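Counting convention: from 1, in listed order, for ligands and their atoms alike. No experiment lies behind these values; they were computed from the predicted model shown. For the numbers below, each heavy atom of this structure counts, side chains included, while hydrogens, waters and symmetry mates do not.
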Amino acid sequence: MTILVTGGAGFIGSHFARLKVKQQKRVVVLDKLTYAGNLENLDEITKDSSKSQYFKFCKGDICDRPLVEKIVKEEKVNVIVNFAADSHVDRSIMNADSFIDTDIKGTYILLEAAKENNIEKFIQISTDEVYGSIESGSFKESDVLHPRNPYSASKAGAELLTNAYWVTHKVPVIITRSCNNYGPNQYPEKLMSLFVTNAIEDKALPVYGDGKQIRDWLHVEDNCAAVDFLLENGKQGEVYNISAGNECTNIEITNIILDELKKPKSLIKNVEDRVGHDRRYSIDCSKLRSLGWKPGINHEDGIRSTIKWYVENQDWWSKIKTGEFLKYYEEQYDNRTTNLSSFA
Ligand code: NAD
Ligand code: TYD
């Protein structure tokens with residue numbers, strides 16, 4: 001069996017590629033190596049010949065139809081797991097072009113390749129953000145999608161296409177909607193990775209608005225284990241929420257990070273809120289749990305070990321936090337009222 005893992009040089013995709021190679025499954029990663037793609041995330045495989053025999057890396061764009069066709073045919077791909085995406089809400093607010101291209105058109109190209117080549121399983125990695133914000137209670141898979149920012153709208157578009165290829169062409173799809181992931185190798189622009197690395201460097205932690213927005217946190221290895229579980233046990237044409245039920249406010253997460261690193265609360269900087277900021281994400285994971293899956297990582301242990309990873313792997317992130325990363329932050333905060341000079 002050969003699994004095509006798109007976006008496999010990114011945060012979650014690289015953890016999934018490592019998991020499958022560890023199981024001695026043949027993995028082909030297709031990744032464009034955007035700002036978020038990092039070949040070092042695959043070192044554990046590529047620098048170990050006992051693992052690299054199961055692995056191939058192709059640099060390329062999922063929107064490149066001839067390339068996708070060639071890889072699927074020549075590598076005899078049976079399974080596609082589509083992690084490739086532009087994934088950061090703030091970037092989608094500044095410019096959504098690449099979100100529309102990769103998240104929607106790229107998914108279409110992959111679905112076409114799956115249709116033409118009798119792919120046995122197609123997993124579309126989606127997000128809880130497609131539901132939009134919820135004040136109380138939790139979204140179930142059957143609820144109406146109500147994405148509220150360009151990122152989540154592009155992911156919802158991809159989902160609708162994925163479902164259409166199931167209904168119309170019987171491409172054997174499964175859609176996963178995971179909550180916010182955290183863990184090693186996350187590009188330091190998301191809440192957890194940005195705040196941990198900023199705190200280590202004694203830089204400000206920019207909390208948007210009142211910081212009382214709620215996210216549901218899941219360790220990346222638990223998400224990958226759930227996707228893997230669904231490869232075996234998921235039903236074609238179905239959607240599955242993935243969550244460990246760890247809802248926290250952003251300020252709670254911020255305080256945990258500062259306490260764990262023994263850094264002062266004065267590093268917290270309240271900045272202007274994100275436009276269209278979703279207040280609370282919450283999903284009901286009982287459908288997946290009823291199949292027998294459960295998370296393996298305790299929330300506190302997961303956060304503690306993640307912080308430790310960033311402390312011990314400063315080499316991995318410190319070189320990322322220069323150049324393009326700083327340019328992005330300068331652009332992002334240009335229009336904000338708060339003076340963030342100490343942040344960059
Ligand atoms: P990431 O931004 O870390 O990685 C994305 C990867 O996709 C990068 O390696 C990038 O180079 C690659 N890529 C981007 N455009 C591409 C293209 N056109 N062709 C080929 N490769 C391309 O993202 P992540 O956090 O690992 O997220 C992976 C997936 O999981 C995404 O689909 C995202 O929507 C979804 N998801 C993420 C989270 C989260 O908390 N991070 C939560 C739920 C769902
Ligand atoms: P993020 O990690 O961008 O994930 P998402 O918006 O996709 O859930 O943000 C998580 C939460 O943290 C979200 O409510 C926005 C907030 N946030 C900040 O307060 N400051 C920041 O610098 C970032 C990146 C996020």
Is any side-chain heavy atom of [X] closer than 4.5 Å to a side-chain heavy atom of [Y]?
X: N117; Y: K73; answer: yes
X: N82; Y: T107; answer: yes
X: H299; Y: Y182; answer: yes
X: N78; Y: I119; answer: no

Show which atoms of ligand 2 fall inside a sub-4.0 Å distance from at least one heavy-atom site of [X].
X: H277; answer: 13 (C), 14 (O), 15 (C)
X: V207; answer: 19 (O)
X: E129; answer: 5 (P), 7 (O), 8 (O)
X: H88; answer: 3 (O)
X: F195; answer: 20 (N), 21 (C), 22 (O)
X: V89; answer: 6 (O), 7 (O)
X: P206; answer: 18 (C), 19 (O), 20 (N), 21 (C), 22 (O)
X: L194; answer: 22 (O)

What do we get for D278 next to ligand 2 when only non-hydrogen atoms under 4.0 Å count, side chain, backbone, both or neither? neither

Is the NZ atom of K265 crowded by more than 12 outside heavy atoms at less than 6.0 Å? yes

Between ligand 2 and [X], is the shortest N or O to N or O distance under 3.5 Å?
X: D90; answer: no
X: K190; answer: no
X: M192; answer: no
X: E189; answer: no

Measuring from atom 9 (O) of ligand 2, which candidate in Q213, R274, Q186 has the nearest non-hydrogen atom? R274

Closest to atom 25 (C) of ligand 2 (heavy atoms only, candidates Y151, Y208, Y281) is Y208

Criterion salt bridge (charged side-chain N to carboxylate O under 4.0 Å, His left out) on K56 and E75, from CA distance to verdict: CA-CA 9 Å; K56 191 163 187 176; E75 300 299 330; 2.7 Å; yes

All N/O donor-acceptor pairs, side-chain side in residues 166-176, below 3.5 Å, sequence neighbours left out:
unit_1 : atom_1 : unit_2 : atom_2 : d
T168   : OG1    : A164   : O      : 2.9
K170   : NZ     : W166   : O      : 3.4
K170   : NZ     : V167   : O      : 3.3

Cluster membership besides V144, Ile/Leu/Val/Met/Phe/Trp/Tyr side chains within less than 4.5 angstrom, sorted by chain and number, is none

Is the NZ or CZ atom of R215 both under 6.0 Å from the centre of the six-membered ring of Y281 and within 45° of that ring's axis? yes

Just say parallel, tilted or perpendicular for the rings of F139 and Y131, cut-offs at 30° and 60°. parallel

With the criterion set at N/O pairs under 3.5 Å, what does the list of contacts between the protein and ligand 1 look like, atom names and distances included?
unit_1   : atom_1 : unit_2 : atom_2 : d
ligand 1 : 2 (O)  : S87    : OG     : 2.7
ligand 1 : 3 (O)  : F11    : N      : 3.1
ligand 1 : 9 (O)  : G10    : N      : 2.9
ligand 1 : 9 (O)  : D31    : OD1    : 3.2
ligand 1 : 9 (O)  : D31    : OD2    : 2.6
ligand 1 : 11 (O) : D31    : OD1    : 2.6
ligand 1 : 11 (O) : L33    : N      : 3.4
ligand 1 : 11 (O) : T34    : N      : 3.0
ligand 1 : 11 (O) : T34    : OG1    : 3.1
ligand 1 : 18 (N) : D61    : OD1    : 2.8
ligand 1 : 18 (N) : T102   : OG1    : 2.9
ligand 1 : 19 (N) : I62    : N      : 3.0
ligand 1 : 21 (N) : K32    : N      : 3.0
ligand 1 : 23 (O) : S87    : OG     : 3.3
ligand 1 : 26 (O) : F11    : N      : 3.3
ligand 1 : 26 (O) : I12    : N      : 2.8
ligand 1 : 32 (O) : F83    : O      : 3.0
ligand 1 : 32 (O) : K155   : NZ     : 2.7
ligand 1 : 34 (O) : Y151   : OH     : 2.6
ligand 1 : 34 (O) : K155   : NZ     : 3.1
ligand 1 : 40 (O) : N181   : N      : 2.8

Pairs under 3.5 angstrom only: tabulate donor-acceptor contacts from the side chains of residues 291-298 to other protein residues two or more places apart or in another chain.
unit_1 : atom_1 : unit_2 : atom_2 : d
N298   : OD1    : E300   : N      : 3.0
N298   : OD1    : D301   : N      : 2.9

Test log, rule salt bridge (charged side-chain N to carboxylate O under 4.0 Å, His left out), inputs E44 and R18: CA-CA 7 Å; E44 192 185 298; R18 280 184 256 165; 3.6 Å; yes

Centroid-to-centroid, F83 to F16, below 6.0 Å? yes

